[in-house]
Amino acid sequence: MLRYVTTNPGKVREAERYLPDGSVERLDFDYTEIQADGLGPIAARGAREAYRHADAPVLVDDAGLFVEGLDGFPGPYSSYVEDTLGIERVHEIAADLDDRRAAFRCVLGYCDGEGFAASPDPVDRGDRDAAAAAGPDGEGDGGSDGTDAEPLPVKLFEGYVPGRIVAPRGDGGFGYDPIFEHDGETFAEMDTDRKNAVSHRGRALAKFAEWYADR
Ligand code: IMP
């Protein structure tokens, strides 16, 4: 059984559409969200931590909203910004911009404790985290999940969807969905199937599901 690691049931509803019935369940585990300027290292480290916690195959999903006119803000800080400023405020800030284009990005990190054969999707072996943990003197823990253990390989799958920031519309979805418009509809106006067909998570999940079917 695959564990989809998230505190957000909305993400699991989207993931279930891509995976065989009964093959995935939610693991409500709050992994450490390291400070990083990209989603990949956050997902990779979260996947290692969750795998060690669950001792079973895990999929961690890290996503964010990147507003062009704000140099990609809130990006990896999307969760913090949603909790503190709120999505209405993000819309108000974007409303003052000439360029309201934005994108959602999602990175899925898969870890089952094993290595992976080469394929087009990137594998994070913890080199970056281990180097950062080692510091300039080369000291520190070798692990990339805060443990002394060897970094575990994590397979990464990425998805991206362009759109623009608009005044909130719709009552479906979650998070920033009401203020993100793609092809004339906000994500909160779409049902799960329609959102999946175009969304960052749907695109990453489609890649993952194809690869996972052979695993
Ligand atoms: P995280 O990946 O759960 O840390 O999500 C980061 C932030 O992006 C949170 O504020 C989420 O609510 C938001 N977010 C992630 N995915 C989506 C989505 O598909 N739609 C809207 N907001 C999202």
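Just so you know, ligand 1 is whichever comes first in the structure, and atom 1 is the first atom listed for that ligand. Keep in mind that this is a model prediction, so the values were computed, not measured.
For residues 77-90, the pairs satisfying side chain to side chain donor-acceptor pair (under 3.5 Å) are R89-E92, with sequence neighbours left out. Here salt bridge (charged side-chain N to carboxylate O under 4.0 Å, His left out) pairs that include residues 102-121, with residues two or more places apart or in two chains, are D112-R215.
Checked against a 6.0 Å centroid threshold, the rings of F66 and F104 do not count as neighbours.
Contact residues for ligand 1 (protein heavy atom closer than 4.0 angstrom to any ligand atom): K11, E33, D61, D62, A63, S78, S79, E82, F104, F174, G175, Y176, D177, K195, H200, R201.
Residue L59 shares its hydrophobic cluster (ILVMFWY side chains chained together at separations under 4.5 Å) with L2, Y4, V12, Y18, L19, V24, L108, Y110, F116, V123, F157, L205, F208, W211, Y212.
With hydrogens and angles left out, the side-chain atoms of T192 and E14 include no donor and acceptor closer than 3.5 Å.
For D171, the CG atom sits in a loose shell: 12 or fewer heavy atoms of surrounding residues, nucleotides or ligands are nearer than 6.0 Å.
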